[in-house]
> 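Mind looking over this structure? Questions follow.
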Amino acid sequence: MERANDSTFSGFILLGFSNRPQLETALFVAILIIYFLSFLGNGTIILLSVLDPRLHTPMYFFLSNLSFMDLCLTTCTVPQTVANFKGKDKTITYGGCVTQLFLALGLGGVECVLLSVMAYDRYAAVCRPLHYMVIMHPQLCLQLVVTAWLTGFGNSVVQTALTMTLPLCGKNRVDHFFCEVPVMLKLACTNTSINEAELFAVSVFFLVVPLSLILVSYGHIPRAVLKIKSAHGRWKAFGTCGSHLMVVIIFFGTLISMYLQPPSSYSQDVNKSIALFYTLVTPLLNPLIYPLRNKEVKGVLRRLVRRTRD
């Protein structure tokens, strides 16, 4: 957004939950605990995926990228949020707001694409097991991950530029705990219908299209799983795919409820709660739902603990 004509413009005021001061201390503690656990869980996944050759598979390659993305997403919002909760100064510089908006948009886009890539990986593993390593060869895995990152941040460049060049006319009070497109659009003192229509179209591309591809991929899996003769094999396949589907429903459900509606119709309290969920809770759930409950990862952890003790 264009800065106000006032030459003393120093940034934005993140109101957060200042209208409910009784919540701020509880949220401060809860956010720090969740952030610590999320950092520990996702950091463990990345470390194990790098250190143990048995986890050098497409699934764990994608999972380590997802964990790295989640670490970046929480880190770009949590420090500013907790600082605002405990301090009287709730401002964020113009450059800080632009950076936060750019990173949150880019990382969110990366996760949308990456989750659809992981669904395709599970489809290939379950439905084409004999050809799995031929289909998901290292070069393709790398290309898919690079595409996810380039697509997410390519969109973020455009969205950030379109949002932050709107006239501000002196408005700088952001009714949120971090800079996000729908909230920033509400500050503009001009007609934002074109921006809203463009945001809706991009949201369809990053939310509805990947979700549709994921559901199509998982639509083929049950028939293939039922053909597995081993009951243990069927349970393992259903467990792995079920955990992935749970993450997908939680992540896409929260974002769709926020982005596929006009910013003018938002309830700010609901919006803040949803944003807290997908920036904090989802990154915490990923390592719990995904690899930390898998036997392969548990085995690697046990071996590393034994080596440390020895």
Side-chain angles (χ1 to χ4, degrees), residues 1-3 11-12 14 42 62 64-81 92-118 142-168 174 176-188 192 194-211 213 248 251-252 254-263 266 271-272 274-280 282-283 286:
M1 294 180 178
E2 293 179 1
R3 300 188 188 195
F12 298 94
L14 295 172
N42 286 294
F62 296 136
S64 60
N65 272 273
L66 182 66
S67 293
F68 177 71
M69 189 281 308
D70 282 338
L71 284 178
C72 293
L73 180 60
T74 54
T75 302
C76 87
T77 59
V78 167
Q80 181 72 50
T81 301
I92 181 173
T93 64
Y94 184 87
C97 186
V98 172
T99 302
Q100 198 174 65
L101 181 67
F102 171 74
L103 289 175
L105 269 174
L107 293 166
V110 172
E111 182 154 3
C112 291
V113 179
L114 193 57
L115 286 173
S116 62
V117 168
M118 293 171 67
L142 181 60
Q143 290 168 2
L144 290 172
V145 167
V146 170
T147 299
W149 284 89
L150 290 178
T151 304
F153 278 97
N155 169 67
S156 182
V157 170
V158 176
Q159 291 294 318
T160 303
L162 289 174
T163 302
M164 301 306 288
T165 52
L166 289 168
L168 185 61
V174 181
H176 211 318
F177 59 89
F178 74 99
C179 296
E180 194 172 39
V181 173
V183 184
M184 304 305 289
L185 289 181
K186 294 182 75 172
L187 293 183
T192 60
I194 294 177
N195 296 75
E196 291 182 22
E198 189 270 341
L199 177 63
F200 181 84
V202 170
S203 299
V204 170
F205 177 78
F206 276 95
L207 297 174
V208 177
V209 173
L211 180 59
L213 293 174
V248 165
F251 179 75
F252 281 96
T254 53
L255 288 182
I256 286 174
S257 66
M258 184 164 63
Y259 278 92
L260 292 184
Q261 61 173 309
Y266 288 168
N271 189 25
K272 293 173 194 176
I274 292 173
L276 270 177
F277 197 86
Y278 84 79
T279 57
L280 279 170
T282 302
N286 282 342

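Below, each value reflects all heavy atoms present in this structure, side chains not excepted, and no hydrogens, waters or symmetry copies. All values derive from a computational prediction rather than experimental measurement.
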> What heavy-atom pair brings T192 and L185 nearest, and what distance separates the two atoms?
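Shortest heavy-atom contact: CG2-O, 3.8 Å.
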> Over all heavy atoms of both residues, which pair between F62 and L144 is shortest? Give the atoms and the distance, please.
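For F62 versus L144, the nearest heavy atoms are CZ-CD1, 4.4 Å.
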> Using 0.5 Å steps for rounding, measure from the CD1 atom of I92 to the OG1 atom of T81.
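It comes to 9.0 Å.
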> Using side chain to side chain contact (heavy atoms under 4.5 Å, CB included) as the criterion, list what pairs up with L211, not counting sequence neighbours.
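Scan of L211 (side chain to side chain contact (heavy atoms under 4.5 Å, CB included), adjacent residues dropped) gives L215, V248, F252, I256.
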> Quick one: does V145's side chain get under 4.5 Å of V117's, heavy atoms only?
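They are not in side-chain contact.
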> Can you find a pair of side-chain heavy atoms, one from E111 and one from D70, that are under 4.5 Å apart?
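They are in side-chain contact.
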> So, taking the atom named CG in N42 and the one named CG in L66, what distance separates them when rounded to the nearest 0.5 Å?
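That separation rounds to 7.5 Å.
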> Got a second to check how far C97's SG is from Q80's CD, nearest 0.5 Å?
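Taking SG in C97 and CD in Q80, the distance rounds to 9.5 Å.
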> Where is the tightest heavy-atom contact between N195 and L162, given as atom of each residue plus distance?
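Of all heavy-atom pairs spanning N195 and L162, the closest is ND2-O, 3.5 Å.
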> How close do A148 and V110 get, counting heavy atoms only, and between which atoms?
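Residues A148 and V110, closest heavy atoms: O-CG2, 3.6 Å.
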> In terms of ring plane angle, is the pair W149 and F68 parallel, tilted or perpendicular, where the classes change at 30° and 60°?
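Geometry flag for F68 against W149: tilted rings.
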> Mind listing the closest non-hydrogen atom pair of C112 and P210 along with its distance?
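Looks like O-CB, 3.7 Å.
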> Could I get the full list of ring-ring contact (aromatic ring centres under 6.0 Å, His included) partners for F102, not counting sequence neighbours?
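Per chain and number, F102 pairs via ring-ring contact (aromatic ring centres under 6.0 Å, His included) with F153.
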> Is a side-chain N or O of T74 found less than 3.5 angstrom from the main chain of L71, in a donor-acceptor match?
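Yes; judged by distance alone, with no hydrogens or angles, the pair exists.
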> Are the side chains of Y259 and E180 in touch, meaning some heavy atoms are under 4.5 Å apart?
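They are in side-chain contact.
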> Hey, what do you get for CG (L213) to CG (L115), rounding to the nearest 0.5 Å?
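Here the interatomic distance stands at 12.0 Å.
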> Enter the distance from T163:OG1 to L199:CG here, rounded to the nearest 0.5 Å.
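Between T163 OG1 and L199 CG, I get 7.5 Å after rounding to 0.5 Å.
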> Would you say the side-chain atoms of S156 pair up with the backbone N or O of G152, donor to acceptor, closer than 3.5 Å?
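Not at all, since once roles are kept as given, no pair shorter than 3.5 Å links the two residues.
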> Just wondering, do L105 and F206 contact through their side chains at under 4.5 Å, heavy atoms?
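SC-SC contact between F206 and L105 ruled out.
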> What distance do L150 atom CG and N155 atom CG have between them, rounded to the nearest 0.5 Å?
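Rounded to the nearest 0.5 Å, the CG-CG separation comes to 12.5 Å.
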> Please give me the minimum heavy-atom distance between Q100 and C179, naming the atom from each residue.
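Q100 and C179 have their closest heavy atoms at OE1-N, 2.9 Å.
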> Identify which one of L255, T254, T279 satisfies the side-chain contact (heavy atoms from CB on, under 4.5 Å) criterion when paired with I274.
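By the side-chain contact (heavy atoms from CB on, under 4.5 Å) criterion, I274 pairs with just one of L255, T254, T279: T254.
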> Side-chain contact, heavy-atom cut-off 4.5 Å: M184 with H176?
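No, every pair of side-chain atoms sits at 4.5 Å or beyond.
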